[in-house]
Student: 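What follows is a single structure, and I will ask about it in a moment.
Note: hydrogens, waters and symmetry copies are ignored here, and every other heavy atom, side chains too, is used.
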Amino acid sequence: MRTAALGPAQRAEALAGMAEHELDVLVVGGGVVGAGTALDAATRGLATGLVEARDWASGTSSRSSKLIHGGLRYLEMLDFALVREALKERGLLLERLAPHLVKPVPFLYPLRHKGWERFYAGSGVALYDAMSMARGHGRGLPAHRHLTRRHALRAAPCLKKDALVGALQYYDAQMDDARFVTTLVRTAAAYGAKAANRARVTGFLREGERVVGARVQDVEAGGEYEIRAKQVVNATGVWTDDTQAMVGERGQFHVRASKGIHLVVPKDRIHSATGLILRTEKSVLFVIPWGRHWIVGTTDTGWNLDKAHPAASSADIDYLLEHVNSVLAVPLTRDDVEGVYAGLRPLLAGESDATSKLSREHVVAHAVPGLVVVAGGKYTTYRVMAKDAVDEAVHGLDLRVAESVTEEVPLLGAEGYRALWNARARTAARTGLHVVRVEHLLNRYGSATEEVLALIAADPSLGEPLHAADDYLRAEIVYAASHEGARHLDDVLTRRTRISIETFDRGTRSAREAAELVAPVLGWEQDRIEREVQHYEKRVEAERESQRQPDDLTADAARLGAPDVVPR
């Protein structure tokens, strides 16, 4: 398929184009649901716009557990419909839509009790596999296995011998959530959607009761645009209620934020060939393979403080360390933690005060004429949420509109990926890169890897790794700004790459090199490079300080000590 760049010129053209002609659908919110909605609308032939106040996936959609899963624990809640739906989506992503981005991952579930627990948990996992196969999209993953304690300890020597009597092993899938969203946006743009990040909705345009568009501020250049649209879709996640308040109407439902934090530790700190899933008194705890690292998470606590920068407190970190150490033969310490990140789940508010009991299902409604709201849901089912949102918007269009086709539309980089993977040794020989580097690129960009390799061909120095983060090539930093919409250093180090959580220095040693690489693309002079580096360093220090605080209130205050990045 034709690719689409999200560079500075394309962003400016998109904003001007949205303001020039009335759109069929304007989507507000550049997380996974908003990006998916833009793709669904564009592939139905609708004139589509997408705006995001900050960066693509800068909220919830870059701070998840990075799993594409059916939700095994929802079986225990007897929520079969949600699990069935999610398993279908997992299969589509693995096999058809994004095989370059979504990969199988094994998990070991330690059993603590003989007899009944193996039967109980084993029945659940067997049903999970059976539901996946029944949808016709489960053949890409191995079936679950029952393991004795000896075999479980062979797969996961990190576990204490007295922490289990046996185990179950099953498979789910994982992805880089921020990269996935950027790819969704680029795919939507390739099908004609106009997309602009750092474009904040400041209010809605009204004609009587009807919403007919939005006022959008260009946060980068400072201008304001009136973008008219026949239907507007509010896909702003935990900001749903705030966005809804702009129309002066009480929403039909409310969204509450639940904070989940994750720790990133080096691969050698946990000796295991498989991920782990552990039951806690409140929820479940995952230990997830992540390249040369592990992700340990998550928590599930209410949050009503700053939504843009949720903070992880010292108590949050201690909670995760305490629970994971209860089963590890060699416990983790604070010194083992490379990175920490906190995200907010958008949960539909219900009768329960406990966020872990609020609904993970989604709701779509026409809040007022011309304005559709989509909220709740799970990352895995983003495509279904997007389809439902566009279906609702179509009711307000005086057009004959095709049904959703996103079940059949591979994301950018998917077409040809498997063929390029098979030829990776030849690509390595042709480019002079090590085959491991080529594999890394293919699993991040798929067939769009050729665009990254073209940058290296034009400037061989870009084929070198970053000095302080050698998992990434210098070309990837340039590509983040030229093709993937990165506008600031924070976008590059936090979302286009994961340097901010994958290095003990949290990316500060890479900041200047990265800023100098993107400067020619983004038109930065030396003083702008200095401001971007200083801002990033202040952000990292504010996050470190917040993680030393005892509770949410003090952590939030410390995190807000670093101001938001501004271009001027």
Side-chain angles (χ1 to χ4, degrees), residues 62-69 101-110 142 147 151-160 163-164 167 169-179 261-278 284-298 312 317 320-341 434-444 465-473 476 493-495 497-510 547:
S62 61
R63 305 176 190 187
S64 72
S65 296
K66 313 196 186 329
L67 293 177
I68 295 292
H69 63 124
L101 300 176
V102 180
K103 304 294 180 181
V105 59
F107 285 103
L108 193 76
Y109 177 71
L147 302 178
H151 284 100
L153 290 172
R154 189 178 298 168
C158 61
L159 294 173
K160 294 177 182 176
L164 71 165
Q169 187 172 57
Y170 74 98
Y171 280 77
D172 255 319
Q174 70 176 163
M175 46 70 216
D176 183 327
D177 47 9
R179 169 148 301 284
I261 82 146
H262 296 79
L263 311 179
V264 181
V265 300
K267 194 77 169 182
D268 62 1
R269 301 303 198 271
I270 299 175
H271 187 197
S272 178
T274 176
L276 305 173
I277 176 172
L278 311 170
V284 293
L285 187 73
F286 287 101
V287 180
I288 306 164
W290 180 254
R292 296 200 295 177
H293 317 268
W294 296 96
I295 294 175
V296 181
T298 179
I317 296 170
L320 288 181
L321 289 176
E322 177 188 346
H323 281 81
V324 75
N325 285 340
S326 69
V327 300
L328 294 181
V330 179
L332 298 174
T333 70
R334 287 287 187 111
D335 291 339
D336 294 321
V337 177
E338 284 178 293
V340 181
Y341 64 93
H434 193 283
V435 68
V436 172
R437 294 285 186 192
V438 175
E439 290 174 352
H440 163 87
L441 294 175
L442 287 171
N443 284 331
R444 284 170 55 76
L466 288 176
H467 295 301
D470 62 2
D471 279 350
Y472 298 94
L473 298 179
E476 296 180 77
L493 298 180
T494 306
R495 286 171 291 277
T497 69
R498 293 303 190 158
I499 295 170
S500 66
I501 58 172
E502 292 176 349
T503 58
F504 280 105
D505 62 86
R506 309 279 175 96
T508 54
R509 290 173 58 218
S510 301
Q547 290 154 20

Student: Looking at CG of Asp172 and OG of Ser65, how far apart are the two atoms once the value is rounded to the nearest 0.5 Å?
Tutor: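 The CG atom of Asp172 sits 11.5 Å away from the OG atom of Ser65.
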
Student: CG/Leu101 to CZ/Arg444 distance, rounded to the nearest 0.5 angstrom?
Tutor: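 If I round to the nearest 0.5 Å, the distance is 10.0 Å.
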
Student: How long is the gap from CG on Leu285 to OG1 on Thr298, to the nearest 0.5 Å?
Tutor: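 Going from CG on Leu285 over to OG1 on Thr298, the span is 8.5 Å.
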
Student: Using a 3.5 Å distance criterion without hydrogens, assess whether the side chain of Asp470 forms a donor-acceptor pair with backbone atoms of His467.
Tutor: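 Looks like no, no N/O pair under 3.5 Å.
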
Student: Measure the CG-CG distance between Asp336 and Leu321 for me, rounded to the nearest 0.5 Å.
Tutor: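 Interatomic distance, Asp336 CG to Leu321 CG, rounded to 0.5 Å: 8.5 Å.
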
Student: I'd like to know if the side chain of Tyr341 and the backbone of Ala312 have a donor-acceptor N/O pair within less than 3.5 Å.
Tutor: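 Answer holds: no.
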
Student: Ignoring hydrogens and angles, tell me if any N or O in the side chain of Asn325 forms a donor-acceptor pair with the backbone of Leu328 under 3.5 Å.
Tutor: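 Checking the backbone N and O of Leu328 against the side chain of Asn325, no donor-acceptor pair under 3.5 Å is found.
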
Student: For Arg506 and Glu338, indicate whether the former's side chain and the latter's backbone hold a donor-acceptor pair under 3.5 Å.
Tutor: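 Yes; judged by distance alone, with no hydrogens or angles, the pair exists.
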
Student: Is Arg292 close to Glu502 at the side-chain level, that is, under 4.5 Å between some pair of heavy atoms?
Tutor: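 They are not in side-chain contact.
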
Student: Yes or no on side chain to side chain donor-acceptor pair (under 3.5 Å) for Glu476 and His440, after CA distance, side-chain angles and deciding distance?
Tutor: CA-CA 11 Å; Glu476 296 180 77; His440 163 87; 3.0 Å; yes

Student: Ser62 side chain to Arg495 main-chain N or O, any donor-acceptor pair under 3.5 Å?
Tutor: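 Checked: no pair found.
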
Student: Determine, using ring centers only, whether Phe286 and His262 are less than 6.0 Å apart.
Tutor: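 Distance test on ring centres: not under 6.0 Å, no.
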
Student: Apply side-chain contact (heavy atoms from CB on, under 4.5 Å) to Leu473 and Leu441, showing your working.
Tutor: CA-CA 9 Å; Leu473 298 179; Leu441 294 175; 4.2 Å; yes

Student: Tell me if a side-chain donor or acceptor on Trp294 pairs with a main-chain N or O of Ile270 at a distance below 3.5 Å.
Tutor: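 Yes.
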
Student: Any heavy-atom pair between the side chains of Lys267 and Trp290 that's under 4.5 Å?
Tutor: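 SC-SC contact between Trp290 and Lys267 ruled out.
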
Student: Does any N or O in the side chain of Asp177 come within less than 3.5 Å of the main-chain N or O of Ser64, such that one atom is a donor and the other an acceptor?
Tutor: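 Answer holds: yes.
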
Student: Can you find a pair of side-chain heavy atoms, one from Leu332 and one from Val324, that are under 4.5 Å apart?
Tutor: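 Yes, close enough: below the 4.5 Å cut-off.
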
Student: Please report the interatomic distance CZ(Phe107) to CD(Gln169), rounded to the nearest 0.5 Å.
Tutor: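 Between atom CZ of Phe107 and atom CD of Gln169 there are 10.5 Å.
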
Student: Do any N or O atoms from the side chain of Gln174 and from the backbone of Pro289 form a donor-acceptor pair under 3.5 angstrom?
Tutor: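 Yes: the side chain of Gln174 pairs with the backbone of Pro289.
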
Student: Taking 4.0 angstrom as the limit, do Asp176 and Lys66 come out as a salt bridge?
Tutor: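 A salt bridge is absent here (no side-chain N lies under 4.0 Å from a carboxylate O).
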
Student: Should Tyr472 and Ile499 be marked as a side-chain contact (heavy atoms from CB on, under 4.5 Å) after you check the CA-CA gap, both sets of side-chain angles, and the distance that decides it?
Tutor: CA-CA 9 Å; Tyr472 298 94; Ile499 295 170; 3.6 Å; yes

Student: Working to the nearest 0.5 Å, report the span between OH of Tyr170 and OG1 of Thr274.
Tutor: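 Separation between the atoms: 9.5 Å.
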
Student: For a quick test of reading the model, state the closest non-hydrogen atom pair linking Leu278 to Val327 and the distance between them.
Tutor: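 Of all heavy-atom pairs spanning Leu278 and Val327, the closest is CD1-CG2, 3.6 Å.
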
Student: side-chain contact (heavy atoms from CB on, under 4.5 Å) between Leu108 and Leu147: does it pass, once the steps are laid out?
Tutor: CA-CA 9 Å; Leu108 193 76; Leu147 302 178; 3.4 Å; yes

